[in-house]
Amino acid sequence: MPVNRFMHRKSSWIKALMVMVVLSLLQVTAIHIPKAHAAVASKTLVGYWHNFDNGSGFIKLRDVSPKFDIINVSFAEPTSGVTNGTIGFIPYNYTEADFKADVAYLQSQGKKVIISIGGANGQVQLPSTSARDNFVNSVIAIIEKYGFDGLDVDFEGHSLYLNSGDSDFKNPTTPVIVNLISALRTINNHFGTGPFYLTMAPETFFVQLGYSFYGGSCISCDNRAGAYLPVIYATRDILDWLQVQNYNSGPITGLDDQYHNMGNADFHVAMADMILTGFPVAKNLNQMFPPLRPDQVVLGLPANVNAGGGFTSVAEVHKALDALIKGVQLPSYKTRGSVSGYPNFRGLMTWSVNWDKFNNFEFSNSHRAYLDALSPPLPDTQPPTAPTHVTSMSKSATSVSLSWTASTDNVGVTGYIVYYGSQSVSVTGTSTVISGLTPDTSYTFTVKAVDARGNQSAASTPLTVTTDPPGTGGDTTLPTAPGNVQVTAKTATSVSLSWNASTDNVGVTGYIVTYGTSSVNTAGTSATINGLTANTSYSFTVTAKDAAGNVSAGTIISVTTAPQSGAQPWAANVSYKVNDEVTYGGKTYICRQPHTSLTGWEPPNVPALWLLK
């Protein structure tokens, strides 16, 4: 946003004004604002993901720092001009299938993925009901196509403005405002408030500047001043949070009638306090903008100096959070709404996850640690959702091929267990082939999801399948046995194997690694078996399977796990227990919570999981 400077006006009525503000606010705060849905985290970290490369570097969605709770995909933009209302989205540097898979992957880790509309280059104006309807239909289509969890409204530039005489933010008359409000409520109603997230990311120009100037009621000011206020007010009952961009901003007057300049704790506290306290729009006491709940307010910050003007150091951000959440008042600005702080303050947003990675994850590492210290993670007792749509893709006399829809979990799904009769098979993906069955026999299959803590979901709806009679079925040719099975790595609790691909007359669909009474299914020619016992000999048998359920002869390899003699090097895809020790970067870390490691969860990056020894 261009820097806007307005003449700072003071008059003798300011002291009287502030007394009246306080009295008015005592009435305003009694207004009931319906809550949207439950928070994804008591203290939320939001990051924007670039659907383009602007020098910060491209990053796959699944490689975003795991410290973020919300990932805003930015941006969906107009496809047919500024005023048509039709919005489009094409994933950058992705196939459509891979992008959908990464969205689903983040969701399986307990994250929410939201589509953001607008940005600096995405001007969107809805001057007519037809533009409004185009907007609604195209946005719903995008959300449903990619499985997004919600919508972030990031209108900038000239997307919103107020016509002359449109002076009452509670009853706006400007078409681009009225139609946007109608569109957002229609989209929210389509998906339902419970599962759908609605957020907004305006600049200070469109929100806090409304205290001094309101575009529809003054002649000398920009007609965009405060233009977000009627939209926020009209959707406050369905708005999950407001994340004002506290960057790329000119000086803004706070409730103390002093200018505040970006880049320090003073600016962030003054800007947030205006939303948390409420204020008279254009200093008109008959036009009181009511406060939002603390859990509806998020500070928007650049991740590094390249990301935007007004970068704020980690120390200054934490000083601002201390003031807002704990009530540790700054010498330069005292919060008006609550001198003891806002314990339910939502959290932080950054532009962007790309710049965060570019800056060695300073934002996500430092601020996640601060927020976690405020609200320590609770023990994970929440099971995943039950798998759905269990179906049989094919069958033979001795096998049944199954698939199902992935479960979700507040932390992350690590695998599935398929039950049939008195037997069960552990699976890492969402499909498997159950072999060794009896011909012409009915089997009932159920599937449960498992998370890293070992919580199991409820069972899926049972699926009953009868195997073919003996001697039926077209494909009876077995794949060749996997060749050159070898150990590629091992620790005290895991063994990694690889092998040469098998061949088949139709096609190999996967491999099974069996050891003892356990087995692991994999689609590729490698697997890591976790949860083993130190200094113990294991015999692994690798077999190939085809679509008809034919299973090859097995290739056997015996491996002894490493002794538990001191810390082992940290590795991804390993199941760690409390007090396990690992080495990373020349330092030793102790496991604080049981989990299965993932790339990006290296010990120095995840202090909630690892304690430096």
Side-chain angles (χ1 to χ4, degrees), residues 95 97-98 101 390-404 406 414-418 420 423-439 441 443 445 447 465 467-490 494-532 537-561 571-574:
T95 65
D98 287 345
V390 178
T391 58
S392 175
M393 301 177 289
S394 61
K395 61 176 181 169
S396 71
T398 59
S399 67
V400 172
S401 177
L402 301 172
S403 70
W404 53 88
T414 58
Y416 300 86
I417 303 175
V418 181
Y420 57 106
Q423 297 181 286
S424 63
V425 174
S426 296
V427 182
T428 56
T430 55
S431 64
T432 190
V433 175
I434 307 299
S435 305
L437 305 178
T438 303
T441 302
Y443 290 87
F445 301 95
V447 185
V465 181
T467 53
D468 293 337
T472 60
D475 181 13
T476 59
T477 303
L478 276 59
T480 61
N484 193 31
V485 178
Q486 55 184 304
V487 178
T488 56
K490 68 177 181 177
S494 68
V495 170
S496 295
L497 303 174
S498 70
W499 53 87
N500 292 342
S502 298
T503 60
D504 184 65
N505 64 316
V506 177
V508 174
T509 58
Y511 299 87
I512 307 169
V513 181
T514 304
Y515 55 106
T517 59
S518 300
S519 62
V520 172
N521 288 264
T522 180
T525 57
S526 64
T528 297
I529 297 88
N530 299 306
L532 306 179
S537 179
Y538 288 87
S539 179
F540 298 98
T541 301
V542 185
T543 55
K545 57 187 177 182
D546 63 16
N550 300 306
V551 178
S552 73
T555 302
I556 301 174
I557 185 171
S558 295
V559 186
T560 299
T561 52
N573 303 311
V574 175

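All values below were derived from every heavy atom in this structure, side-chain atoms included, with hydrogens, water molecules and symmetry-related copies excluded.
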Legend entry - Minimum heavy-atom distance between S424 and I417, given as atom pair plus value: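 S424 and I417 have their closest heavy atoms at CB-CG2, 3.8 Å.
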Legend entry - Nearest heavy-atom neighbours spanning D504 and L478: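 Scanning both residues completely, I find the closest heavy atoms to be OD1-C, 3.7 Å.
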Inset, instruction - Give a yes or no answer on whether the side chain of T503 reaches the backbone of T480 with a donor-acceptor pair at less than 3.5 Å. - result: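 No, the answer is negative, given that no donor and acceptor are paired below the 3.5 Å cut-off.
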Inset, instruction - Check whether any side-chain heavy atom of K395 sits under 4.5 Å from a side-chain heavy atom of T467, and report yes or no. - result: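 The answer is no, as the side chains (C-beta and beyond) never meet within the 4.5 Å cut-off.
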Inset, instruction - Kindly indicate whether the side chain of Y443, heavy atoms from C-beta on, has any atom under 4.5 Å from the side chain of L437. - result: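 A side-chain contact under 4.5 Å exists here.
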Legend entry - Residues which pass salt bridge (Lys or Arg N to Asp or Glu O under 4.0 Å) with K490, listed by chain and number, not counting sequence neighbours: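 Result, salt bridge (Lys or Arg N to Asp or Glu O under 4.0 Å) vs K490: none returned.
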Inset, instruction - Keeping to residues at least two apart or across chains, list the side-chain hydrogen bond (donor to acceptor under 3.5 Å, both in side chains) pairs with something in residues 427-436. - result: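 Only T432-N521 qualify under side-chain hydrogen bond (donor to acceptor under 3.5 Å, both in side chains).
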Legend entry - Contact list for residues 548-561, test side-chain hydrogen bond (donor to acceptor under 3.5 Å, both in side chains), sequence neighbours left out: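 Output for this query lists D546-N550.
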Inset, instruction - List the steps, then state whether side chain to side chain contact (heavy atoms under 4.5 Å, CB included) holds for V495 with F540. - result: CA-CA 10 Å; V495 170; F540 298 98; 4.2 Å; yes
Enumerate donor-acceptor pairs with a distance under 3.5 Å from any side-chain N or O in residues 508-516 to protein atoms, sequence neighbours excluded.
from, atom 1, to, atom 2, distance (Å)
T509, OG1, K545, O, 3.2
Y511, OH, S502, N, 2.9

Inset, instruction - Taking ring pair (Phe, Tyr, Trp, His ring centres under 6.0 Å) as the test, write out the residues that go with Y420, two or more places apart. - result: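 For Y420, the residues satisfying ring pair (Phe, Tyr, Trp, His ring centres under 6.0 Å) (neighbours in sequence not counted) are F445.
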Inset, instruction - Taking side chain to side chain donor-acceptor pair (under 3.5 Å) as the test, write out the residues that go with S496, two or more places apart. - result: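 Counting only residues at least two positions away or on another chain, S496 forms a side chain to side chain donor-acceptor pair (under 3.5 Å) with T528.
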